Amino acid sequence: MYMSTDEVRNAFLKFFESKGHQIVESSSLVPHNDPTLLFTNAGMNQFKDCFLGLEKRAYTRATTAQRCVRAGGKHNDLENVGFTARHHTFFEMLGNFSFGDYFKEDAIAFAWEFLTEVLQLPADRLLVTVYETDDEAFDIWNKKIGVPADRIVRIGDKEGGKPYESDNFWQMGDTGPCGPCTEIFYDHGEHIWGGRPGTPEEDGDRFIEIWNNVFMQFNRHADGTMEPLPKPSVDTGMGIERISAIMQGVHSNYEIDVFQKLIKAAADVIGYEDLSNQSLRVIADHIRSCAFLIVDGVMPSNEGRGYVLRRIIRRAVRHGNKLGAQGAFFHKLVGVLAEVMGTAGEELKKQQAVVEKVLRIEEENFGRTLERGMAILNEALDSLEGKELDGETVFKLYDTYGFPADLTNDVAREREFTIDEAGFERAMEQQRQRAREAGQFGTDYNAAIKTDAQSEFCGYAATAGNSAVAAMFVEGEEVESLSAGDKAIVILGETPFYAESGGQCGDTGVLKTQSGLFKVEDTQKLGNAIAHHGVLAEGVLAKGDDVEALVDAQRRAAISLNHSATHLLHAALRQVLGEHVTQKGSLVKPENLRFDFSHLEAVTAEELKEVERLVNAQVRRNHVIETNIMDIESAKQKGAMALFGEKYDDEVRVLSMGDFSTELCGGIHASNTGDIGLFKITSEGGIAAGIRRIEAVTGEAALDAIEAQQAKFEEKLAESAQKAKSLEKEVQKLKDKIAAAESANIMGKAQEINGVKVLVAALDGADSKNLRTMVDDIKNQMGSGVVLLANVTGEKVGLIAGVTKDLTGKVKAGDLVKMVAEQVGGKGGGRPDMAQAGGTDVGALPEAIQSVQPWLEERL
């Protein structure tokens, strides 16, 4: 049964929806709040806190089609992409997840039903693996599903490895949730080389893994002990490209519908006919990762995620150049990609223009980078004493300029050099090790604060409330009471304190009891609890105590004004700069606001002025700021702006300010836009390639900013006036010098040679710009004659010669000035009637001037 990739995706999601799973949109390729990951590389990334017990959601079953990238950090498939049947930088992972709900039996049954009944794959073509000691999974497969024992392979720990170090045992890190896996393989048939998993031939292409079920069964402690989890969970994954290849009757992922269309499009824009060329595979793969990384806010740069993106773009462009591509071509594939991705390409369609522009600019810049890299390579080869280029230089060219080692090798070979391949590999391994270390989870899972306490936020309309202490923590350990001076985290059952979220900083204030006072210095989320961070200033505080929670109302008011202004700023930027502008980050504090957004160029002064005008116009209209609670689909239909890849609950808060701004937001806001008073931008600049940042202030802070700006302007005006006076004095001095020069009867130095008037004079520090005018004036006074002026300025000699037109047949100004210039260490020339030159030997000037008379006597 043939199914397109889009049909496979939709069939998977609908099947698990029918089994009680919540369909959750793919998260961003940039992991939110997870510094341990370079990119989202698995379907479970967005559910990590759910598995850790740090976050509880309204559902316990979920299913996704998650966009993933593996091209840097711990998971890096870049070098294999295009040269194997199943390596990609970008792929989609279909997954179903259970957070303490169903476990092994249901997970296995769901997978088998989908494969054999929905996709109608023949059962005898499927083979499964289990962890060697997981008898429970083996029995489910064998006794309940009916898979013959000879088609169930037990996979143990790797030889010489640590306990549980197995392809069929999953671990989040050195500590934390872990457990056995069961994998499902598809047998492509005896005509394809390869052996069953666990055999020496397992790397062949006959048996291909299509589905992995991870059973989070244990909590691993730092000492290696395995503690059974109270709520075992399930994490599964199936690569959409692999299962689509099976459903479309092809063996290689690059033969499925998505890649065939991209390969054909790449061949068309390059003008290349052989569709089997591996370089076309590279390009088809790389356009997917590059386009979706840009959609999720990554821009080409020289560090971090942006550097990985830049490498992928350059790799694609180089493969296009190998095929003879003329000019920029890569960006032309974005539109085709948006179409072939089907339902997964909707956001790409919205941002198509900006993605194309980023890729085109990067491709054009790479052409210039390539030239610089070649210059460095040729310089390195020129300076070699031997015939081998060191590995560090090869690595530098690769790492900094995007030169693959094979390209460096080609250039070196053409010049009869070799490269130190072993040294290059050592440098590469050092980079991989750094990447692996950067990819390790840096904290002990068991040291993280975990609590079942839940807090209800009641602070949208209030800054005070009464509640009871639900839990307290000191240095990560839960405690029953606090004493004066203790730094702690206090959790209340209900609180008016807003926890930092969506860019808005957390509230501060106090918690009062009859016997104690707790100063709240910050408020953060802790799973489903709201954590009040601070210190017990006086008295004692115990679990269960009744408290009066008092938010710093003045600070909260200032924050709310800046938050509302942020929404107006976002809408104004989209009106002035274009619909491609999307929020890439924000920080709302009582002092000011900061807003990061996607835009490829600096915002001009005129554009900033228009943005300010638009925002302040909405402030003066004094719109009521309305909040409505609705489901996510209704919010989108209302036109609410949602951040692509951001995580939202089923019900969301929709914030509207007239018809100017409608966004999803859970933060605190003013009652009316007029409360903002005044909006003033204080700075605009770039923080990364394609990402700009605006900082602004509102209300009284805006007035202060204007006063400060005015004071600075007045100061600069005074400085300019003083400078103007100084310049006037300088100009007067120059005028005096010119006047003095003109008053001197320079013509008194003229003489006759063979009846022709000749003037040869040396000047000291005259304005060189006036010399040509002086020569013209002298020629006019002579009527007929020859003039040569020499001007000494510092260590330089300036020469200018003029000959009236009636004498140019005998004497040419260019010949005269050249003769003198050669004597003072210079050269020059010009027209027969006017010529200039320069020199550097001031000491030779007197003798050079004396040589003019005999030179002219020979010619006049």
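Treat the numbers as computed from the prediction; the structure is a model and nothing was measured.
- Note on E113 versus K19: salt bridge recorded, some NZ/NE/NH1/NH2 to OD/OE distance being below 4.0 Å.
- Of the possible donor and acceptor atoms, none in the side chain of R305 sits under 3.5 Å from a partner among the backbone N and O of F39.
- Between F47 and D235 there is no side-chain heavy-atom pair separated by less than 4.5 Å.
- Between the side chain of Q260 and the backbone N or O of Y254, at least one donor-acceptor pair lies under 3.5 Å.
- Relative orientation of the F90 and F292 rings is parallel, given thresholds of 30° and 60° on the angle between their planes.
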Determine all donor-acceptor pairs shorter than 3.5 Å in which one atom belongs to a side chain in residues 126-134; sequence neighbours excluded.
unit_1, atom_1, unit_2, atom_2, d
T129, OG1, N168, ND2, 2.9
T129, OG1, E183, N, 3.3
Y131, OH, D157, OD1, 2.7
D134, OD1, K104, NZ, 2.8
D134, OD1, A137, N, 3.3
D134, OD2, K104, NZ, 3.2

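- Electrostatic pairing of R154 and D135 counts as a salt bridge here, judged by a charged N lying under 4.0 Å from a carboxylate O.
- Taking the side chain as every heavy atom from C-beta outward, I243 and L121 approach each other to under 4.5 Å.
- With hydrogens and angles disregarded, no donor-acceptor distance shorter than 3.5 Å links the side chain of T175 to the backbone of A222.
- In this structure, R288 pairs ionically with E241, as a charged nitrogen and a carboxylate oxygen lie closer than 4.0 Å.
- With Q248 contributing its side chain and M3 its backbone, the two residues share a donor-acceptor pair below 3.5 Å.
- Taking the charged nitrogens against the carboxylate oxygens, R206 and E201 have no contact shorter than 4.0 Å, which rules out a salt bridge.
- Checking F215, F97, F110 one by one against F103, the ring-ring contact (aromatic ring centres under 6.0 Å, His included) holds for a single residue, F215.
- Q454 is linked by a side chain to side chain donor-acceptor pair (under 3.5 Å) to nothing, counting only residues two or more places apart in sequence or in another chain.
- For the 3.5 Å distance criterion, the side chains of Y59 and R61 fail to qualify, holding no donor opposite an acceptor.
- With R70 contributing its side chain and N41 its backbone, the two residues share a donor-acceptor pair below 3.5 Å.
- Using a cutoff of 4.0 Å between basic side-chain nitrogens and carboxylate oxygens, K14 and E17 are not scored as salt-bridged.
- Between the side chain of S26 and the main chain of R67, a donor-acceptor pair closer than 3.5 Å is present.
- Of the possible polar contacts, one joining the R125 side chain to the D187 backbone as a donor-acceptor pair under 3.5 Å is found.
- Taking the six-membered ring for Trp and the full ring otherwise, the centers of F207 and F185 sit at least 6.0 Å from each other.
- Judged by distance alone, with hydrogens and angles left aside, the side-chain atoms of Q46 form a donor-acceptor pair with the main-chain N or O of E25 at under 3.5 Å.
- Between the side chains of Q524 and H533, no donor-acceptor pair of N or O atoms lies under 3.5 Å.
- Using the six-membered ring where Trp is involved, F16 and F114 have ring planes that are tilted, between 30° and 60° apart.
- Counting all heavy atoms, side chain and backbone alike, T64 lies closest to L13 at C-CD2, 3.7 Å.
- Between F12 and W211, the angle of the ring planes lies from 30° to 60°, which puts this pair in the tilted group.
- Between T523 and T495, the closest side-chain pair of non-hydrogen atoms is not below 4.5 Å.
- Between K158 and D167, at least one side-chain nitrogen of the basic residue sits less than 4.0 Å from a carboxylate oxygen of the acidic one, meeting the salt-bridge criterion.
- Side chains of T236 and N96: a donor on one and an acceptor on the other come within 3.5 Å.
- Proximity of a side-chain donor or acceptor of T63 to a complementary backbone N or O of I23 within less than 3.5 Å is not detected.
- Annotation: side chain of V469 is in contact with side chain of L492 (closest heavy-atom distance under 4.5 Å).
- The backbone N or O of R281 sits nowhere less than 3.5 Å from a side-chain atom of D285 that would complete a donor-acceptor pair.
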